Protein chains: 2
Amino acid sequence: MRLSQKKIMAVLRQYGYRLTPQRRAIIKTVVLSQDHVTPAAIYDKLHQGQPNIGLVTIYRTLEILTRLGLICQVHAGGGHSYTISASGHHHHLICSGCGLVVDFAGQNLAGLEQRLSRETGFKIEDHLLEFVGLCQDCQRDGV
Amino acid sequence: MRLSQKKIMAVLRQYGYRLTPQRRAIIKTVVLSQDHVTPAAIYDKLHQGQPNIGLVTIYRTLEILTRLGLICQVHAGGGHSYTISASGHHHHLICSGCGLVVDFAGQNLAGLEQRLSRETGFKIEDHLLEFVGLCQDCQRDGV
DNA sequence: TTATAAATGAAAATATTTTTCATTTAATAT
DNA sequence: ATATTAAATGAAAAATATTTTCATTTATAA
Ligand SMILES: [Zn+2]
Ligand SMILES: [Zn+2]
Ligand SMILES: [Zn+2]
Ligand SMILES: [Zn+2]
């Protein structure tokens, strides 16, 4: 289940952050975009609107939203782009044709984590799992 | 099994690339470094040596080595750093304390891939799996 | 050797991200 | 409503990172 704009804003407030028009606009853009967006893409879309918005504010807002786990970055494929987070821990399936990001969950990596801890002595804290492929549309369209 | 400098150079030649002193030096640096290295770190280490080396050449060489699957990039943790590739497909275990990268393999993601394909219609081509934690040394030293 | 296509690197161009700081403003308390 | 204040904004500059251009050098093969 993807987070709604309302929910994201509520969590922001909960943590003591102010709800500025700029932040609303950024959240709206990230939530409404189907695929992932870069800071620059958000800027292109939003600046010169009402309210006007600076690139710095976008960087700062994305940083906060990421830290709170409300959005997350997509790594595979090179770019540093953002996608909206599902509420819980999840992973990404990314279309190399059109950039669509599908979240998936339910993959339990605990067993693998245990094996790795045992074999290497690492104390594992986090992980990153992404799949890259072609979505149905891009397969059909021969992208 | 990590690739040797010799093996990497052989593959380069095999694909028609020339073996320049600069490329030898870059390969040597990446192979000998225990943890991952950034282009800038390689540059700091190598320029002003014999032969002198430019940052551009480092970018270009890393790009080729990555394309040939001889080294790979580490994503988790933010940076764009490189580590030497094991010969086959593998994944990364990264120490957040000291940057050590341990390769691991033997994790079969085929079952998960099938499930995802079935559920989403994606044709999956690749994936990225990284774990982040603390290595034994960093746990002991309380980093 | 010599020929030649490939590779290099200095410099410039472009792109990305962070810092600084004067100004504005959202939220809270009156 | 109004005043207060700490938080947020954005322009500008600085700092970083990456790519392009092109004249020069060089690894390879004939
Ligand atoms: Zn995950
Ligand atoms: Zn697609
Ligand atoms: Zn992998
Ligand atoms: Zn460590």
Side-chain angles (χ1 to χ4, degrees), chain A residues 5-6 8-30 36-68 70-75 77-82, chain B residues 5-6 8-30 36-68 70-75 77-82:
Chain A
Q5 299 177 50
K6 223 173 184 171
I8 292 176
M9 291 175 194
V11 174
L12 259 193
R13 287 293 299 117
Q14 208 171 302
Y15 279 91
Y17 292 101
R18 293 180 179 177
L19 226 46
T20 64
Q22 288 86 348
R23 285 178 178 167
R24 288 173 194 278
I26 294 167
I27 291 167
K28 185 176 176 190
T29 303
V30 179
H36 38 184
V37 285
T38 58
I42 297 173
Y43 179 73
D44 287 345
K45 177 133 194 241
L46 292 183
H47 87 122
Q48 297 202 337
Q50 197 47 243
N52 195 0
I53 213 165
L55 188 51
V56 215
T57 298
I58 293 170
Y59 273 100
R60 287 192 279 229
T61 301
L62 292 177
E63 207 273 324
I64 293 168
L65 295 175
T66 303
R67 194 148 29 73
L68 296 181
L70 297 168
I71 63 175
C72 47
Q73 280 190 268
V74 172
H75 296 82
H80 275 192
S81 42
Y82 291 83
Chain B
Q5 298 176 50
K6 223 172 184 172
I8 292 176
M9 291 173 192
V11 175
L12 259 193
R13 289 290 300 116
Q14 208 172 302
Y15 280 91
Y17 292 101
R18 293 180 179 178
L19 265 173
T20 65
Q22 288 86 349
R23 284 177 180 168
R24 288 174 194 278
I26 293 167
I27 290 167
K28 185 176 175 189
T29 302
V30 178
H36 39 184
V37 285
T38 58
I42 298 174
Y43 179 74
D44 287 343
K45 176 134 197 238
L46 292 182
H47 87 121
Q48 298 201 334
Q50 197 47 245
N52 194 359
I53 214 167
L55 188 51
V56 213
T57 300
I58 293 170
Y59 272 101
R60 287 191 279 229
T61 301
L62 294 176
E63 206 273 322
I64 293 168
L65 294 175
T66 303
R67 194 147 30 72
L68 296 181
L70 297 168
I71 62 174
C72 48
Q73 280 190 267
V74 172
H75 296 81
H80 274 194
S81 43
Y82 290 83

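Only heavy atoms go into these numbers, but all of them, side chains included; no hydrogens, no water, no symmetry mates. Predicted model only: the values in this text are computed from it and were never measured. Each chain gets a letter, A, B and so on, in the order the sequences are listed, and its residues count up from 1.
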Show the atom names and distances, to 0.1 Å, of all donor-acceptor pairs under 3.5 Å that link a side chain in residues 53-66 of chain A to residues at least two apart or in another chain.
from     : atom 1 : to       : atom 2 : distance (Å)
Thr61(A) : OG1    : Thr57(A) : O      : 2.8
Glu63(A) : OE1    : Arg67(A) : NH2    : 3.0
Glu63(A) : OE2    : Arg67(A) : NE     : 3.4
Thr66(A) : OG1    : Leu62(A) : O      : 2.7

(Q) Among residues at least two apart in sequence or on other chains, which ones pass ring pair (Phe, Tyr, Trp, His ring centres under 6.0 Å) with Tyr43(B)? (A)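 Residues passing ring pair (Phe, Tyr, Trp, His ring centres under 6.0 Å) with Tyr43(B): His47(B).
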(Q) Suppose we screen for side-chain contact (heavy atoms from CB on, under 4.5 Å). Which residues come up paired with Arg24(B), at least two apart in sequence or across chains? (A)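 Arg24(B) satisfies side-chain contact (heavy atoms from CB on, under 4.5 Å) with Met9(B), Leu19(B) only.
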**Q.** Partner residues of Pro51(B) under the side-chain contact (heavy atoms from CB on, under 4.5 Å) criterion, sequence neighbours left out
**A.**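 Pro51(B) satisfies side-chain contact (heavy atoms from CB on, under 4.5 Å) with Pro21(B), Gln22(B) only.
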Between [N] ([atom2]) and [X] ([atom1]): distance, integer Å:
X	N	atom1	atom2	result
Glu63(A)	dT19(C)	CD	P	10 Å
Ile42(B)	dT8(C)	CD1	P	14 Å
Gln50(B)	dT8(C)	CD	C1'	14 Å

Q: For the residue pair Tyr82(A) and His36(A), establish whether any side-chain heavy-atom pair is separated by less than 4.5 Å.
A: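 They are not in contact (no side-chain heavy atoms under 4.5 Å apart), so the answer is no.
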Q) So do the side chains of Ile27(B) and Leu70(B) get within less than 4.5 Å of each other, counting heavy atoms only? A)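 Not touching, per the 4.5 Å side-chain cut-off.
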Q | Distance (rounded to the nearest 0.5 Å) between Gln48(A) CD and Leu46(A) CG | A |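 Going from the CD atom of Gln48(A) to the CG atom of Leu46(A) covers 11.5 Å.
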**Q.** Spacing of NZ belonging to Lys28(B) relative to CD1 belonging to Ile42(B), to within rounding of 0.5 Å
**A.**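 Interatomic distance, Lys28(B) NZ to Ile42(B) CD1, rounded to 0.5 Å: 14.0 Å.
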Q: Describe, as an angle rounded to 10 degrees, how the axis at the first end of the helix from dT1(C)-dA30(D) to dT30(C)-dA1(D) is tilted relative to the axis at the last end, five pairs per end.
A: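 One end's axis against the other's: 40°.
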Q) What residue pairs, at least two apart or across chains, pass salt bridge (charged side-chain N to carboxylate O under 4.0 Å, His left out) with a residue in residues 37-58 of chain B? A)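 Every pair satisfying salt bridge (charged side-chain N to carboxylate O under 4.0 Å, His left out) with a residue in residues 37-58 of chain B: there are none.
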Q. For residues 8-19 of chain B, which residues have at least one heavy atom under 4.0 Å from DNA chain C?
A.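 Only Tyr17(B), Arg18(B) qualify.
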Q | Base versus backbone protein contacts along nucleotides 9-16 of chain C [heavy-atom cut-off under 4.0 Å; B, S, -] | A | BB-----S
Q. Do you know which two heavy atoms are closest between Arg23(B) and Arg18(B), and how far apart they sit?
A.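 Shortest heavy-atom separation between Arg23(B) and Arg18(B) comes out as NH1-O, 2.8 Å.
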